[in-house]
Amino acid sequence: MYLQFRDDVEAALVSALEALDLPTDDLGVEDPPEGVEAVLASSAAFRLASEVGAPPPQVAGQIADEIDAGDYEYVEAASAQGPYVNFLPSDAYYEGTVEQAQSEDFGRLEPSGERVVVEHTSANPTGPVHVGRARNPIVGDSVARILDFAGHDVERHYYVNDAGRQMAVFTWAYETFDEDDLPQPDREKADYDLVRYYRKGNDFLETADPDEVEAAEDEIQAIMQGLEDGDEETFERVREVVDTVLGGMRESLERLPAAFDEFVKESRFMRDGSVDDVVERLKASDEAVYEEDAWQLELDEYGIEKNFVFLRSDGTTLYATRDLAHHEWKFDNYDRAVTVLGEDHKLQAEQMNATLDLLGNDTDKLRQVIYSYVNLPEGKMSTRAGTGIDLDDLLDEAVERAREEVENRLDDRIRDDDLTEEDVSRIAEQVGIGAVRYDIVSKQPTKAITFEWDRALDFEAQSAPYVQYVHARTCGILEEAGISSDAPDALSAEFDASLLETDAERELLEVVARFPAVIEEAAADLEPHVVATYTREFAETFNRFYRECPVLADDVDDDLRDARLALVAAAKHAVGNALGVLGVAAPRSM
RNA sequence: GGGCGUGUGGCCUAGUGGAUAGGGCAGGAGGUUCCUAACCUUCUGACCGCGGGUUCGAAUCCCGUCACGCCCGCCA
């Protein structure tokens with residue numbers, strides 16, 4: 001209802017300003033601060049004061065006087081308060097909110113018909129996913145969920161670098177070294193198994209005898225050339241390594257959970273000729289220069305000073321060149337493309353944008369979400385060097401700590417719980433992993449995060465469990481009332497929302513009503529953290545309602561009980577779906 | 001050196017032109033015969049890095065400056 005209310009408010013302002021013969025290009029609709037009763041307000045009077053020749057409060061008064069709230073279904077009143085025009089919602093707003101939010105998928109926006117591809121993670125398949133990289137799948141998966149919930153047709157892609165130098169090194173190392181010379185793997189898992197060869201290979205290239213290194217480099221070069229020439233046998237050799245390591249990484253990512261619709265391999269664009277096509281078109285462009293035996297592109301007109309090399313002197317393509325073909329493929333198959341990238345890829349992204357534009361693509365269809373890395377207090381995490389915390393270890397530790405927490409709480413509970421061992425495991429999993437994910441997704445992606453165990457695994461206050469607990473409470477009340485999620489129909493279809501008139505109830509209704517607008521904003525700006533901020537405010541508001549408004553107590557009369565139950569169901573859908581788009585589990589009990 | 005990003009109470013964080021800068025942690029004081037206390041109430045604590053400027057109004061925009069991070073490969 002919030003979106004409809006906002007439409008009403010905008011219409012009312014336009015009509016009032018037109019009647020006063022004032023410009024309508026700046027309505028100044030905003031959320032009033034806490035403590036102000038209104039749901040929306042306009043600060044337009046500030047800007048119109050000079051035009052009218054009267055002080056802002058007087059202008060606000062004129063605007064408010066011009067508005068007849070009766071003309072708008074969801075507006076109860078428009079009143080001037082100092083220089084602001086404040087808008088109060090009508091009973092229909094509150095009643096409409098409760099009704100609308102009875103739907104299980106409350107908050108989902110109308111289908112847009114737009115096909116959006118979200119590419120995220122795309123880490124080179126060199127070894128286990130570490131925490132430094134984990135922000136990408138968490139942010140990316142949440143962005144994908146939000147776009148989906150906002151009505152778009154979303155596909156999630158992992159772009160696999162299976163043709164670069166790193167994979168050539170890996171393949172060479174895998175074929176060269178003997179397992180007996182390697183340390184024990186940290187886990188019995190494919191990615192942990194194979195990363196030992198990769199580390200050993202890199203170590204060899206850095207420290208071995210120069211002649212031996214040269215021989216190794218020749219083999220690596222042969223692999224790269226084979227890929228470039230489209231040699232099937234070479235592709236097979238590399239594929240074995242890539243698919244094996246990727247398989248292990250996928251398992252870890254799915255725990256987050258982050259799943260993909262498609263793993264797009266860059267070698268595909270080498271084989272279908274599209275990379276060659278890109279190269280030919282670039283060579284023919286006015287910006288192309290042949291310097292130092294390599295083909296380059298001058299991108300000065302895009303404000304990029306550094307030349308973009310798109311063909312090496314040995315005639316092989318670069319990752320960035322292949323990525324151009326990849327993105328043209330995206331443009332052919334989707335209406336929009338979103339890529340989640342670490343901040344270190346920012347310049348490359350700008351370079352690619354410029355080049356795609358030069359090739360005649362509409363780059364407005366492409367957007368990047370940039371995030372800063374998660375570092376350790378002592379520095380960066382690196383797969384090659386083997387420094388860093390593995391995502392699996394973090395998640396295991398999180399689940400273990402969550403389990404301890406659940407077990408501790410079992411002892412000092414007021415109510416008798418009938419949590420089974422199965423419940424305890426489920427809760428530990430939901431809370432532990434949810435806490436990690438929420439901790440990452442709730443912060444602005446551009447802010448750097450320094451990883452600290454205790455901070456990442458804090459289960460109190462502004463954390464996933466705090467919000468999850470609210471969801472569990474809503475489920476608890478509904479179940480107590482005999483309304484299980486399996487049988488939502490048991491909820492009385494007849495309820496009188498006008499009985500919800502205390503401050504606590506009204507505030508909860510208002511925060512529920514805002515949910516679709518939060519989705520709209522998060523989707524438009526590609527910012528999952530605004531949903532996380534919302535869940536926190538939601539939880540605070542719900543907890544106040546919970547404290548002040550008993551639903552099932554004996555002294556609550558039947559009509560009020562039904563209305564409150566409907567409100568609790570509405571709250572459950574809002575917070576449950578908010579957690580859903582964040583990719584955080586919504587437990588029915590804790 | 002150049003480019004991009006970040007800087008908000010002791011610590012973490014929301015807020016990108018409008019109403020007393022909103023939370024959390026830590027610290028002090030309270031609350032459970034009552035639908036789950038992973039909760040709530042209350043107190044303490046901020047010259048929004050620093051200096052200028054624009055504006056009726058600046059954490060938010062502009063200029064300068066400092067600190068930190070990232071980038072400036074024929075790597076990815």
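So you know, we letter chains A, B, ... as the sequences are listed, proteins then strands, and number each from 1.
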Legend entry - Residues A:Ser267 and A:Asp162: side-chain donor-acceptor under 3.5 angstrom: yes
Legend entry - A:Glu30 atom CD, neighbour heavy-atom count above 12 within 6.0 Å: yes
By the 4.0 Å heavy-atom rule, please label [X] as base, sugar-phosphate, or nothing.
X: A:Ser43; result: base
X: A:Tyr373; result: nothing
X: A:Arg564; result: nothing
X: A:Ala553; result: nothing
X: A:Ser589; result: base
X: A:Val551; result: base
X: A:Cys549; result: base
X: A:Ala41; result: base
X: A:Val470; result: nothing

Out of [options], which nucleotide sits closest to the side chain of [X]?
X: A:Gln81; options: B:A19, B:A38, B:C35; value: B:A19
X: A:Lys380; options: B:C71, B:C35, B:A19; value: B:C71
X: A:Val309; options: B:C74, B:A19, B:G22; value: B:C74
X: A:Tyr546; options: B:C11, B:A37, B:G22; value: B:A37
X: A:Glu480; options: B:C35, B:C11, B:C56; value: B:C35
X: A:Lys346; options: B:C4, B:C74, B:C39; value: B:C4
X: A:Leu347; options: B:C56, B:A38, B:C72; value: B:C72
X: A:Thr446; options: B:C56, B:U6, B:C12; value: B:U6
X: A:Ile427; options: B:A38, B:G23, B:C12; value: B:A38
X: A:Phe46; options: B:A37, B:C56, B:A19; value: B:C56

How far does the [atom1] atom of [N] sit from the matching atom of [M], given to the nearest Å?
N: B:C61; M: B:U54; atom1: C1'; value: 8 Å
N: B:A37; M: B:G5; atom1: P; value: 47 Å
N: B:U16; M: B:C11; atom1: P; value: 23 Å
N: B:U6; M: B:G49; atom1: C1'; value: 11 Å
N: B:A19; M: B:G15; atom1: P; value: 15 Å
N: B:C50; M: B:U8; atom1: C1'; value: 14 Å
N: B:C43; M: B:U60; atom1: P; value: 29 Å
N: B:A14; M: B:G52; atom1: C1'; value: 28 Å

salt_bridge([X], [Y]) N-O dist < 4.0 Å:
X: A:Arg426; Y: A:Asp423; answer: yes
X: A:Glu350; Y: A:Lys346; answer: no
X: A:Glu217; Y: A:Arg165; answer: yes
X: A:Glu429; Y: A:Arg403; answer: no
X: A:Glu405; Y: A:Arg401; answer: no

Short side-chain N/O contact to [N] OP1/OP2 from [X], under 4.0 Å:
X: A:Arg536; N: B:G23; answer: no
X: A:Gln444; N: B:U6; answer: no
X: A:Arg561; N: B:C35; answer: no
X: A:Tyr534; N: B:A14; answer: no
X: A:Lys447; N: B:G7; answer: yes
X: A:Gln351; N: B:C71; answer: no
X: A:His529; N: B:U13; answer: no
X: A:Arg312; N: B:C75; answer: yes

Confirm from the modelled atom types if [X] and [N] form a donor-acceptor pair under 3.5 Å, side chain to base only.
X: A:Gln462; N: B:G23; result: yes
X: A:Ser313; N: B:C74; result: yes
X: A:Asn86; N: B:A19; result: yes

Could you give the [atom1]-to-[atom2] distance, from [X] to [N], as a whole number of Å?
X: A:Asp554; N: B:C35; atom1: CG; atom2: C1'; result: 11 Å
X: A:Lys443; N: B:G69; atom1: NZ; atom2: P; result: 19 Å
X: A:Asp555; N: B:C35; atom1: CG; atom2: P; result: 12 Å
X: A:Leu48; N: B:C56; atom1: CG; atom2: C1'; result: 13 Å

Complementary nucleotide for [N] - Watson-Crick or wobble, under 3.5 Å:
N: B:G7; value: B:C66
N: B:U42; value: B:G28
N: B:G73; value: none
N: B:U16; value: none

Inset, instruction - Look at the aromatic rings of A:Phe515 and A:Tyr534 and report parallel, tilted or perpendicular, splitting at 30° and 60°. - result: parallel
Inset, instruction - Give, for atom CD of A:Gln468 and atom CZ of A:Arg588, the distance between the pair rounded to the nearest 0.5 Å. - result: 13.5 Å
Legend entry - CZ-CG distance between A:Arg384 and A:Asn202, expressed to the nearest 0.5 angstrom: 5.0 Å
Inset, instruction - Please find out if less than 6.0 Å separates the ring center of A:His120 from that of A:Tyr158. - result: no
Inset, instruction - Kindly indicate whether a cation-pi arrangement holds for A:Arg473 with A:Tyr546, taking the cut-offs as under 6.0 Å to the six-membered ring centre and within 45° of the axis. - result: yes
Legend entry - Comparing A:Arg165 and A:Ile477 on RNA chain B - which has the more 5′ nearest nucleotide: A:Ile477
Inset, instruction - Tell me which of A:Asp344 and A:Asp458 sits closer to the 5' end of RNA chain B, going by the nucleotide each one is nearest to. - result: A:Asp458
Could you write out each protein N or O paired with an N or O of nucleotides 40-43 of chain B at a distance under 3.5 Å?
residue, atom, partner, partner atom, Å
B:C40, OP1, A:Tyr466, OH, 2.7
B:C40, O3', A:Arg547, NH1, 3.1
B:C40, O2', A:Arg547, NE, 3.2
B:C40, O2', A:Arg547, NH1, 3.0

